[in-house]
Amino acid sequence: MSNCSSRALTLLSSVFGACGLLLVGIAVSTDYWLHMEEGIVLPQNQTTEVKMALHAGLWRVCFVAGREKGRCVASEFFHGPDTDIVTENTANILKTIRSATPFPMVSLFLVFTAFVISNIGHIRPQRTILAFVSGIFFILSGLSLIVGLVLYISSINDEVMNRPSSSEQYFHYRYGWSFAFAASSFLLKEGAGVMSVYLFTKRYAEEEMYRPHPAFYRPRLSDCSDYSGQFLHPEVWHRGRSPSDISSDVSIQMTQNYPPAIKYPDHIHISTSPC
């Protein structure tokens with residue numbers, strides 16, 4: 001990364017941030033975080049009969065097999081009396097995963113804020129601090145998302161481990177593509193955050209490299225800007241004395257030190273005529 005130019009870091013951080021925002025937005029709004037299927041094992045030929053199959057997201061549960069096939073309900077209402085759930089453990093899984101819902105939402109808000117700040121910083125690169133702020137927001141967004149994913153996985157694992165084992169029933173679950181999008185978004189947002197912070201350090205180093213030493217500046221004589229005094233009041237600049245100034249001073253001193261001319265009385269008349 002040390003060999004990347006500022007333009008390359010700007011482009012990569014923008015692409016990573018946009019992709020992370022897009023993926024987490026799709027993940028939050030879709031219903032394919034978790035697939036579950038349960039049924040019974042027929043003892044005659046050891047075949048299985050599916051009693052219920054569903055896919056669930058953060059907000060909605062959709063049934064794809066069983067009595068509720070083709071029906072989608074909001075996640076807070078799936079355990080109502082009019083919904084046919086085969087086992088209590090399945091209902092508990094769908095209840096407990098709701099505890100992870102706020103974290104992806106917070107992550108979505110943070111990554112949107114980071115993306116807006118990052119683009120403003122790219123449009124106005126002289127505001128170096130914006131790259132640092134957007135990088136922090138990208139990193140916080142990724143951390144919020146990973147906390148939600150860990151809670152989501154742990155909630156499912158706890159219920160699966162507490163599920164009673166039976167040779168007559170089977171239960172399968174797997175994570176869907178919405179969950180994969182969320183996990184990929186975490187990697188992209190962390191990458192965008194790291195590149196934004198590194199872009200800040202690179203721009204700051206370039207500013208320090210090309211910034212003249214303060215001793216090269218004239219004293220500020222105006223409150224308009226830091227360096228306007230030297231252009232607004234050139235008559236007060238300290239300049240060296242030219243040879244003409246030195247010769248003028250010498251002539252003035254000679255005139256002041258020369259003895260005054262002899263003045264004769266008015267009644268004395270000195271004639272210059274030979275007669």
Side-chain angles (χ1 to χ4, degrees), residues 1-30 33 58-59 100-152 177-218 220 222-232:
M1 186 180 294
S2 60
N3 296 328
C4 294
S5 62
S6 297
R7 181 172 297 180
L9 288 172
T10 301
L11 179 62
L12 288 175
S13 62
S14 298
V15 172
F16 276 47
C19 292
L21 175 61
L22 178 64
L23 290 182
V24 74
I26 294 175
V28 168
S29 59
T30 52
W33 282 66
L58 299 178
W59 316 105
T101 301
F103 293 96
M105 294 300 301
V106 173
S107 176
L108 179 61
F109 172 75
L110 291 176
V111 72
F112 178 77
T113 305
F115 184 71
V116 171
I117 296 175
S118 176
N119 285 326
I120 296 175
H122 297 336
I123 295 173
R124 307 188 68 179
Q126 67 273 15
R127 299 200 171 184
T128 313
I129 192 63
L130 293 179
F132 179 77
V133 173
S134 65
I136 296 299
F137 272 91
F138 276 126
I139 294 174
L140 291 177
S141 174
L143 293 177
S144 176
L145 181 60
I146 198 63
V147 169
L149 295 179
V150 170
L151 286 177
Y152 193 87
W177 55 266
S178 297
F179 183 89
F181 274 23
S184 302
S185 174
F186 163 73
L187 299 177
L188 291 171
K189 288 185 288 187
E190 293 300 312
V194 171
M195 283 186 287
S196 296
V197 173
Y198 186 75
L199 178 62
F200 162 75
T201 59
K202 197 173 185 66
R203 286 177 177 173
Y204 185 80
E206 291 176 353
E207 288 181 359
E208 291 295 322
M209 181 183 301
Y210 294 106
R211 182 178 298 171
H213 193 273
F216 294 152
Y217 295 137
R218 306 287 185 185
R220 196 179 77 170
S222 174
D223 293 331
C224 297
S225 64
D226 290 340
Y227 315 116
S228 61
Q230 54 180 321
F231 303 105
L232 295 177

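- Expressed to the nearest 0.5 Å, how far OG of Ser185 lies from CG of Leu21 amounts to 8.0 Å.
- Applying the side chain to side chain contact (heavy atoms under 4.5 Å, CB included) criterion to Thr101, with sequence neighbours excluded, gives Leu58, Trp59, Arg98.
- The CG atom of Leu199 sits 11.0 Å away from the CG atom of Leu130 when rounded to the nearest 0.5 Å.
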Between side-chain atoms of residues 110-121 and protein atoms elsewhere (two or more places apart, or another chain), which donor-acceptor pairs fall under 3.5 Å?
| unit_1 | atom_1 | unit_2 | atom_2 | d |
| --- | --- | --- | --- | --- |
| Thr113 | OG1 | Phe109 | O | 2.9 |
| Ser118 | OG | His122 | NE2 | 3.1 |
| Asn119 | ND2 | Phe115 | O | 3.2 |

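- Ser178 places no side-chain N or O within 3.5 Å of a backbone atom of Ala27 that could act as its donor or acceptor partner.
- One distance of note links CZ of Phe181 with OG of Ser29; it measures 10.5 Å at 0.5 Å rounding.
- Residues forming a side chain to side chain contact (heavy atoms under 4.5 Å, CB included) with Ser184 (at least two apart in sequence, or on another chain): Leu23.
- By the side chain to side chain contact (heavy atoms under 4.5 Å, CB included) test, Phe179 is found to be paired with Trp33, Leu149, Tyr152, Ile153, Tyr175, residues two or more places apart in sequence or in another chain being considered.
- Taken to the nearest 0.5 Å, the CD1 atom of Ile146 stands 4.5 Å off from the CZ atom of Phe186.
- Separation of atoms OG1 (Thr201) and CZ (Phe132) is listed at 10.0 Å; rounding is to 0.5 Å.
- Shortest non-hydrogen contact noted between Leu143 and Glu190 is N-OE2, 3.6 Å.
- The side-chain heavy atoms of Trp177 and Thr30, taken from C-beta on, include a pair separated by under 4.5 Å.
- For residues 138-150, the pairs satisfying side chain to side chain donor-acceptor pair (under 3.5 Å) are Ser107-Ser141, Ser141-Lys189, with sequence neighbours left out.
- In this structure, Leu9 and Lys202 have side chains that are in contact, with non-hydrogen atoms separated by less than 4.5 Å.
- Summarising the geometry of Gly17 relative to Ala192, their closest heavy-atom pair is N-CB, 3.7 Å, with the distance given to 0.1 Å.
- Pairs of residues two or more places apart, or lying in two chains, never qualify as side chain to side chain donor-acceptor pair (under 3.5 Å) while including a residue from residues 130-139.
- Closest approach of Leu151 to Ala100, counting heavy atoms only: CB-CB, 4.0 Å.
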